[in-house]
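Shown next, in structure tokens, is the structure this report addresses.
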Amino acid sequence: MSDWQDLKNNPRLKEIYNKRIEILRLTREFFWRAGFLETDTPVAVYPPSQEPYLSPVPVKFFTPDNVEHKFYLHTSPEFAMKKLLAAGYEKIFQLTKCFRNYESFGGQHNPEFMMIEWYRAPGALKEIMDDTEKLFKYIGKKLGIENLSARGNSVPLAGKWERKTMKQVWKKFVGINLDEYLTSETMRELCRKLGYDTDGRYEDLFYKIFLNKIEPFLGVKKPIFIYDYPAAMCSLSRPAEDSRYALRFELYIGGLELANAFGELTDAVKQKNNLEEDRKKRQELDREIYPVDRELIAALVSGIPQAGGIALGVDRMIMLFTGAKDINEVIFQSAADMIDKKF
Amino acid sequence: MAQTSEIKRGVVIRQNNDLFTVTDFQHVNPGKGAAFVRAKMKSLATGKAIENTYKVGENVEIVDVQFQNMQYLYKSGSMHVFMDMKNYEQIEINEDFIGDDAKYLKDGLEVMVGLYEGRAVSTQIPKKVKYKVIEAPPAVKGDSSAGNVTKEVVLENGLKVQAPIFIKEGEEILVNTDTCEYSARA
């Protein structure tokens, strides 16, 4: 909860909101200083992206003569920013509100949330990890904060952050070699063995184990980047050296997922196929479907350098810097807050 | 069998031949992936806290708990005594079971109690509770210029919270029981 009365009467919530203002400023400052340009792209787009499990929020626009056009609030500015890479921009960032339907109102989600997304073209995932680590450390230094807090863990910012492959963390926490569990059949068998429900596709089975056995312990002592995801889970990334895996990483701090990054897939044909596949998955999952973004494919055909890009949840980052337990505490008038006061 | 959408605070899940009361839950959507529900639960047998994450739509065995609105009466030794407002029966609940929430109890407070086979398996304090302020230091001139926007006040049940300096003795305020913070004037 954070409305005008809370900010007026509750010093803790006021302090959180003050930090939010400062963190947004410092984030911009960091990227401008590092030579990135701040871009801005539409929030309402058509067509939206195709992630099988995301639900973009539909909106209707009307022309003066009453012709209806259906748009969607973007779930991230990814496609638009990749088009900017095709236009020749090399280092770009964007702080923007994103929207996802059918996610919880509070806790770790709000249907409207702030994202920072940035790209380097050309750029390697290692550089994106470096940017991320430096961004947090820059904000920490400027705010005089040495420890982040999440889920009851206090995590020091200082020191080199951990970088481990997905395969390494499965070995450590589940004791298996992930190479042998890259198909739905083998992963289903593993779920059965470990006593989890065995329904669903590869990704579901993967996350059933990951969320129970691995995620709560990630980044508890120091922040950790987990990289090289099973290729089946990465329709927007290039393959890693071992092509059964893909160039993707996520950042975890104190068991909280903060950011998702890709070594961007720049092969237009592969990208088109992957998006068609995702569209099919959406259909199977009974989700709303829409055409694949042809302009994105055209942009890739015209060519973009081997780029790296990342999306980082800013509200969650603010939670870590302020110790807020619920995302609603770092958002002025969260969705839950406004529903609460509806009259 | 129930669905994950029924997982809420206070429900009881049967798993591995043990019963667990859900104390908290959260939705997680990993890396643009499917939706999951992460439940924090307490074993009824051992009191041990565990965490379990279910995929939304997965079947979960939720046992049939009866939820009754009960009125808090008083404390007797290590037991808190509540009264079922329907049949006026009294029930005793151990202070360890109520834990930190005990500080919010006050005479006449209505608490949602979950009963399973006649035994209390969960208690839920309302999100916001009204209390009378019994002690509030008077506002001192210069408070706001010194940056003091709050002061400690004592409530009718002995609970102490930070409240805005304009709150006076005898007033009623709402306290947020998630954070133990002042919420508004009642």
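Protein chains get the first letters and strands the later ones, always in sequence-line order, with residue 1 at the start of each. Nothing here was measured: the structure is a model prediction, and the numbers come from that model.
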*For K151(B), does the NZ atom have more than 12 heavy-atom neighbours from other residues, nucleotides or ligands under 6.0 Å away?*
yes

*Nearest 0.5 Å, what's the CD-CG distance between E58(B) and D199(A)?*
8.0 Å

*Between D204(A) and chain B, which part of the residue has a heavy atom less than 4.5 Å away: side chain, backbone, both or neither?*
both

_Can you tell me which portion of N9(A) sits under 4.5 Å from chain B's heavy atoms? Options are side chain, backbone, both or neither._
both

*Check whether F166(B) gets within reach of chain A through its side chain, its backbone, both or neither, counting any heavy atom under 4.5 Å.*
side chain

*Could you check which of H109(A), R100(A), K325(A), E250(A) has the highest count of heavy-atom pairs closer than 4.5 Å to chain B?*
H109(A)

Under 3.5 Å donor-acceptor pairs involving side-chain atoms of residues 78-86 of chain B, not counting sequence neighbours:
residue	atom	partner	partner atom	Å
H80(B)	ND1	Y72(B)	OH	3.0
D84(B)	OD1	K86(B)	N	2.9

*CG of D6(A) to OG of S183(B): how many Å apart, nearest 0.5 Å?*
6.5 Å

_Test: salt bridge (charged side-chain N to carboxylate O under 4.0 Å, His left out). Region: residues 33-52 of chain B. Which pairs qualify, not counting sequence neighbours?_
R151(A)-E51(B), E215(A)-R38(B), R38(B)-E51(B)

*asked:* Do R12(A) and T179(B) have side chains that approach each other closer than 4.5 Å (heavy atoms only, starting at C-beta)?
replied: yes

*Near K130(B) NZ, under 6.0 Å, is it more than 12 heavy atoms from other residues, nucleotides or ligands?*
no

*Who wins among P164(B), G57(B), A35(B), G31(B) for the most heavy-atom pairs under 4.5 Å with chain A?*
G31(B)

_Please classify the contact of Q108(A) with chain B as side chain, backbone, both or neither, using a heavy-atom distance under 4.5 Å._
both

*For Y102(A), does the OH atom have more than 12 heavy-atom neighbours from other residues, nucleotides or ligands under 6.0 Å away?*
no

_Does atom NZ (K106(B)) have a neighbourhood of more than 12 heavy atoms from anything else shown, all under 6.0 Å?_
yes

*Between OH of Y54(B) and CG of L211(A), what distance do you get to the nearest 0.5 Å?*
13.0 Å

_How close do G33(B) and Y53(A) get, counting heavy atoms only, and between which atoms?_
O-CB, 3.4 Å

*Minimum heavy-atom separation for Y207(A) to P30(B), with atom names?*
CE2-CB, 3.4 Å

_Toward chain A, the part of V28(B) with a non-hydrogen atom under 4.5 Å_ = both

*Give the member of D178(B), V56(B), N52(B) that has the highest number of heavy-atom pairs under 4.5 Å with chain A.*
N52(B)

*Relative to chain B, which segment of R201(A) carries a heavy atom at a distance below 4.5 Å: side chain, backbone, both, or neither?*
neither

*CG of N87(B): more than 12 outside heavy atoms within 6.0 angstrom?*
yes

_N260(A) side chain near K32(B) side chain, heavy-atom distance below 4.5 Å_ = yes

*Can you tell me how far the NZ atom of K208(A) sits from the OG1 atom of T53(B), to the nearest 0.5 Å?*
12.0 Å

*Do you know which two heavy atoms are closest between N29(B) and E257(A), and how far apart they sit?*
O-OE1, 4.1 Å

*What is the minimum heavy-atom distance between H27(B) and S104(A), and which atoms define it?*
CD2-CB, 3.5 Å

*Step through the shown structure and confirm whether more than 12 heavy atoms of other residues, nucleotides or ligands are within 6.0 Å of CD on E172(B).*
yes

